[in-house]
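Order of the sequence lines fixes the chain letters, A, B, ..., with proteins taken first and strands second; residue numbering starts at 1 for each chain.
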Amino acid sequence: MPELPEVETVRKGLTKLVVGLKINSVEVLYPKMINLPAPEFENQIAGKDIVQIDRRGKYLLFRLSDDLTLVSHLRMEGKYEVEAEGTPRPKHTNVVFHLNNGCELWYKDTRMFGKMALVKDDEVFALSGLNKIGPEPTESDLKFDYMKEILLKSHRKIKSFLLDQSKIAGLGNIYCDEVLWMSKINPEQATNYLSDAEIKLLRKNIIAEISAAIKGHGTTVHSYSNAFGEAGEFQNKLHAYGMKDEPCSRCGTKMVKIKVAQRGTTYCPKCQAVHGDLSE
DNA sequence: CCGCTTTCCTGGATGC
DNA sequence: TGCATCCAGGAAAGCG
């Protein structure tokens, strides 16, 4: 499932493949995923140039000519692929962009969870989700003082908190488990019982992990591959996610899987012991 | 406002 | 073997 590093990898790949091209026409094959009636969506995009591709959190922002932005969220299994015009399309192709270089840009999504919204540039950050998205998990954007303030103000379990895009942008289930393992913090730990040292460590690990994953072209779990079809290289470095019943690579204790905030959550019961209070 | 639960989807895994 | 059921999960809607 794509998280921030995977989305960034897709952004870079697509930038090389489609920026500078014109979209001659669009076919919406699954209208539920777009924010406009299909004919309106298709008409507005036809003839526009792909000027630039930006990213905010897990959202891709296709900057088009005439002050339009196509916002795209891959959710669980969304993928882009560029093929020659006329290439047989796979089963779950949801949107096809016909480009002026003889190629088609496909948006494919087996679980049909992905979303696209076509809006004017100045309306992007009014869209739900983007209107309250938290800082990027980077050294410059994610400040210690901010983290401390929002963590101590909340009474949630840390795992649930980290998944909340309005607090910090970009972390999904995989990286949440990873950064908590790295920081030796129990996923059910109440955020308001974290020490300064733990917050400092957590912040450092979030920034380091995301940055390393971007350098490694994103993680690969299930079906993810990037815009060039390359599998991510980061999968070999996972320590918690998907490691249920495996020995903790730090202390050898058998890793345990529980549910926190409706999400599968794997952690080491020894390294990541609870202290203070659990949230209720 | 806050936080928890449910819903959206399909395919692969599991159960009988 | 084949059919039914469960499970995975990001984000938003619904609810108290």
Rounded to the Å, how far apart are [X] [atom1] and [N] [atom2]?
X	N	atom1	atom2	value
A:Leu60	C:dG10	CG	P	16 Å
A:Gln262	C:dA8	CD	P	11 Å
A:Phe113	B:dT7	CZ	C1'	8 Å
A:Lys79	C:dG10	NZ	P	14 Å
A:Glu3	C:dA8	CD	P	16 Å
A:Lys157	B:dC2	NZ	P	19 Å
A:His155	B:dC1	NE2	P	17 Å
A:Leu171	C:dA11	CG	P	10 Å

(message) Are the side chains of A:Leu180 and A:Asn186 in contact, using a 4.5 Å heavy-atom criterion?
(response)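 They are not in contact (no side-chain heavy atoms under 4.5 Å apart), so the answer is no.
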(request) Please determine if a side-chain N or O atom of A:Lys259 lies less than 4.0 Å away from the OP1 or OP2 oxygen of C:dC7. (result)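 It does not, given that no N or O in the side chain of A:Lys259 lies less than 4.0 Å from OP1 or OP2 of C:dC7.
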(request) Indicate whether OP1 or OP2 belonging to B:dG3 is found under 4.0 Å from a side-chain N or O atom of A:Ser154. (result)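 Answer yes for this pair, as a side-chain N or O of A:Ser154 is under 4.0 Å from OP1 or OP2.
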(request) Could you tell me whether A:Lys257 contacts a base, only the sugar-phosphate backbone, or nothing, with contacts defined as non-hydrogen atoms closer than 4.0 Å? (result)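 Sugar-phosphate, no base atom in range.
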(request) Would you mind classifying the nucleic acid contact of A:Lys115 as base, sugar-phosphate or nothing, using non-hydrogen atoms under 4.0 angstrom? (result)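 No contact.
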(request) State plainly whether one hydrophobic cluster holds both A:Tyr80 and A:Ile50, where clusters connect Ile, Leu, Val, Met, Phe, Trp and Tyr through side-chain heavy atoms under 4.5 angstrom apart. (result)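 Yes, because A:Tyr80 and A:Ile50 connect within a single hydrophobic cluster, where side-chain heavy atoms sit under 4.5 Å apart.
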Going by atom types alone, do [X] and [Y] pair a side-chain donor with an acceptor below 3.5 Å?
X	Y	answer
A:His92	A:Glu77	no
A:Lys159	A:Thr265	yes
A:Thr69	A:Arg63	yes
A:Asp177	A:Tyr175	no

(message) Applying the salt bridge (Lys or Arg N to Asp or Glu O under 4.0 Å) criterion to A:Glu8, which one of A:Lys215, A:Arg55, A:Arg56 satisfies it?
(response)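 Considering A:Lys215, A:Arg55, A:Arg56, a salt bridge (Lys or Arg N to Asp or Glu O under 4.0 Å) with A:Glu8 is found only for A:Arg55.
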What N/O pairs connect the protein and nucleotides 12-16 of chain C at under 3.5 Å? Give each pair on its own line.
from   : atom 1 : to       : atom 2 : distance (Å)
C:dA12 : OP1    : A:Tyr59  : OH     : 3.3
C:dA12 : OP1    : A:Ser128 : O      : 3.1

(request) Have a look at A:Val26 and tell me which of A:Gln44, A:His98, A:Glu42, A:Lys48 forms a side-chain contact (heavy atoms from CB on, under 4.5 Å) with it. (result)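 Passing option: A:Glu42.
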(message) If you apply the rule side-chain contact (heavy atoms from CB on, under 4.5 Å), what do you find for A:Leu151 with A:Ile158, and how did you get there?
(response) CA-CA 8 Å; A:Leu151 283 165; A:Ile158 182 66; 3.7 Å; yes
Under 3.5 Å between N/O atoms: give me all the protein pairs with nucleotides 10-13 of chain B, atom names plus distance.
from   : atom 1 : to       : atom 2 : distance (Å)
B:dT10 : O4'    : A:Thr110 : O      : 3.3
B:dT10 : O3'    : A:His92  : NE2    : 3.2
B:dT10 : O2     : A:Arg111 : NE     : 3.3
B:dG11 : OP1    : A:Lys91  : NZ     : 3.3
B:dG11 : OP1    : A:His92  : NE2    : 2.5

(request) For A:Ala240 and A:Glu178, work out which heavy atoms get closest and say how close. (result)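 Answer, listing the atom of A:Ala240 first, then A:Glu178: N-OE2, 2.7 Å.
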(message) Tell me whether A:Lys200 forms a cation-pi arrangement with A:Phe144, defined as NZ or CZ under 6.0 Å from the six-membered ring centre and within 45 degrees of its axis.
(response)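 The answer is yes, since A:Lys200 meets both limits relative to A:Phe144.
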(request) Between C:dA8, C:dG10, B:dG3, spot the one nearest the side chain of A:Arg156, thanks. (result)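 Minimum distance to the A:Arg156 side chain belongs to B:dG3.
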Write down the protein N/O and nucleotide N/O pairs, taken from nucleotides 3-5 of chain C, whose separation is under 3.5 Å; answer none if there are no such pairs.
none

(request) Answer yes or no: is there an ion pair linking A:Asp67 with A:Lys120, defined by an N-O contact shorter than 4.0 Å? (result)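 A salt bridge is absent here (no side-chain N lies under 4.0 Å from a carboxylate O).
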